[in-house]
Amino acid sequence: MTQEELFKKLIAHSKEYGFIFPSSEIYDGLSAVYDYGQLGVELKNNIKKYWWDAMVRLNDNIVGIDSAIFMHPRIWEASGHVGAFNDPLIDNKDSKKRYRADVLIEEWLAKQDEKIEKEIAKARKRFGEKFDRQQFVETSPRIKEISERRHAVNDRMVKALTENNLDEVKKIIEDCEIVCPISGTKNWTEVRQFNLMFETKIGSVSEGANTIYLRPETAQGIFVNFLNVQKSGRMKIPFGIAQIGKAFRNEIVARQFIFRMREFEQMEMQFFVRPGDELKWFEYWKAFRMSWHRALGFGDDMYRFHDHEKLAHYANAATDVEFRFPFGFKEVEGIHSRTDFDLGNHQKFSGRKIQYFDTETGESYVPYVVETSIGVDRMVLQVLSAAFKEEELTKEDGSKDERVVLSFPAALAPVKVAVLPLVKKDGLPEIGREILNELKLDYACQYDEKDSIGKRYRRQDAIGTPLCVTVDHQTAEDRTVTVRYRDTMAQERVAISELPALIEREVSMKQLFKKITR
Ligand code: ATP
């Protein structure tokens, strides 16, 4: 199965089992907007809890807030979003399709990397055991040619975007002979800037109403509350403020399911430090955040850092945490050293003094900021795509069978335990209900008595339930049940009284937190 097929199956599976639905589906949907279903919302809530507790509860110098989506419009002038939160767009005149010009070039660059890898694979086949990758890369004229062209184009793109030189961006697209994937032609319009913020009106009469924006990031709600939190919480630098909330961007090209949406959710933390300390903290948060991702156990090779070559004018360091999605390595989280740009500008635009008095040095200053910013929805996609598996099984009689399983980290699974009476009679449902009523005080549980036990196990595998508790006739005699483990499909007999401790050991988020290095 190709990665593309796998991804299509994942999207279909997410809908079939109540994780994610296209928005407004009975009206043919709304592009790049999605709804979370009954299991999706549980998965999303668990991811948010994993983030919130790891950031706010485990770090005693981080507190959380929940600021409003609507904010004073001047905030977006101060932050630079009104003037510069743009993407360069280009249309193909034949297919009438719209693209992000920078993404077209980035895809061309990625193709050059693939070409290089193909050359290497060919040579490896030719040379066999003796093959020395490094030597080949350094000496092959073909690789040298591709790589030099690639780097030259990359440098041109970085310069053109930094200088906002849209003619040059178009020229690069022409020089690289990039064609529209739909029409196959090079018939492009000029490159234009497109502001990604959604506007709306506040006020009861339209004439007197003011234009306001739906926030494109949650971070500004943190910056404008810096003094409120610092003073009311008597916070001492270094300290952080965290927030989870909706953000809105009128993305030009919205593709790849919930990877790029127009309404999405972010989990952001702004860490305020003494000027000069920011790069030390940048490294600290890079390590912390990577370890948060890796604790999920999907494999360290599924992640990498991608340091930014084109830094925003206010940043002095920036990196992305990338995850290997079925469609390649892509950003899930950004870690940015934003200097004093945001607080400094809010001080200027609001006319209020936004400074911190450092009792140790006796100085007042505008703190520097290191931010960690991750999309909840991209995390959901990460977890779903890493967990989705089609497995071939050999039954006891030697015949073949298969199952679809979502092998979620147990702590993130939407349903933790399924209680399944073997048959619908002989008092087994009553015992099942009794167990369920006890367990649901602590865990998300499901009760299922329909169909054969095998079918019920498959249904639980397909939604990623880590544990099934089966009640059978022996239960009525000795108060023991069978616990069946999702990943190994192993079964063991345990006393009902042992269930709470066993479940806690298997599904508690504590196991994840312990793996995060601090
Ligand atoms: P991209 O380059 O993919 O557009 P970005 O660099 O603009 O992302 P940031 O502004 O750094 O993203 O936002 C922080 C995080 O918010 C991203 O790492 C991503 O997880 C999430 N995010 C940003 N835009 C979207 C979107 N349109 N849909 C879903 N998540 C998003």
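All ligand and atom numbering here is 1-based and tracks the order in the structure.
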Using a strict threshold of under 4.0 Å (side-chain N to carboxylate O), is an ion pair present between K97 and D91? no
Answer yes when E25 and K15 have at least one side-chain N-carboxylate O distance shorter than 4.0 Å, and no when they do not.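 Looking at E25 and K15, the cut-off is met.
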For ligand 1, which atoms, with element, lie under 4.0 Å from some heavy atom of [X]?
X: R100; answer: 4 (O)
X: E251; answer: 24 (N), 26 (C), 27 (N)
X: S373; answer: 13 (O), 14 (C), 15 (C), 18 (O)
X: F259; answer: 28 (N), 29 (C), 30 (N)
X: E333; answer: 18 (O)
X: H336; answer: 11 (O)

Protein heavy-atom partner closest to [atom] - residue, atom, separation in Å:
atom: atom 4 (O) of ligand 1; answer: R260 NH1, 2.8 Å
atom: atom 16 (O) of ligand 1; answer: Q266 NE2, 3.3 Å
atom: atom 23 (C) of ligand 1; answer: R249 NH1, 3.5 Å
atom: atom 6 (O) of ligand 1; answer: E331 OE1, 3.3 Å
atom: atom 22 (N) of ligand 1; answer: F264 CE1, 3.5 Å

Only counting residues at least two apart or in another chain, list the ones meeting ring pair (Phe, Tyr, Trp, His ring centres under 6.0 Å) with F239. F226, F272
Can you tell which part of V332 has a heavy atom less than 4.0 Å from ligand 1: side chain, backbone, both or neither?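 For V332, the contact with ligand 1 is made by the backbone alone.
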So for ligand 1, is [X] a polar contact partner (N or O within less than 3.5 Å, distance only)?
X: M261; answer: yes
X: I258; answer: no
X: I374; answer: no

Of all heavy-atom pairs between F198 and N250, which one has the smallest distance, and what is that distance?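 So the minimum-distance heavy-atom pair works out to CE1-N, 3.4 Å.
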Centroid separation under 6.0 Å, is that true for the rings of F282 and Y284? no
Under 3.5 Å, side chain of R324 to main-chain N/O of D301, donor-acceptor pair present? yes
Any side-chain to backbone donor/acceptor pair from K330 onto F327? Under 3.5 Å, distance only. no
Quick one: salt bridge (charged side-chain N to carboxylate O under 4.0 Å, His left out) pairs with a partner in residues 43-55, sequence neighbours left out? K44-E265, K48-E265, K49-D53, D53-R57
Does the Lys NZ or Arg CZ of R289 fall within the cation-pi geometry relative to W285 - under 6.0 Å from the ring centre and within 45° of the axis? no
Beyond-backbone contact of F288 with N59, side-chain heavy atoms, under 4.5 angstrom: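 In contact.
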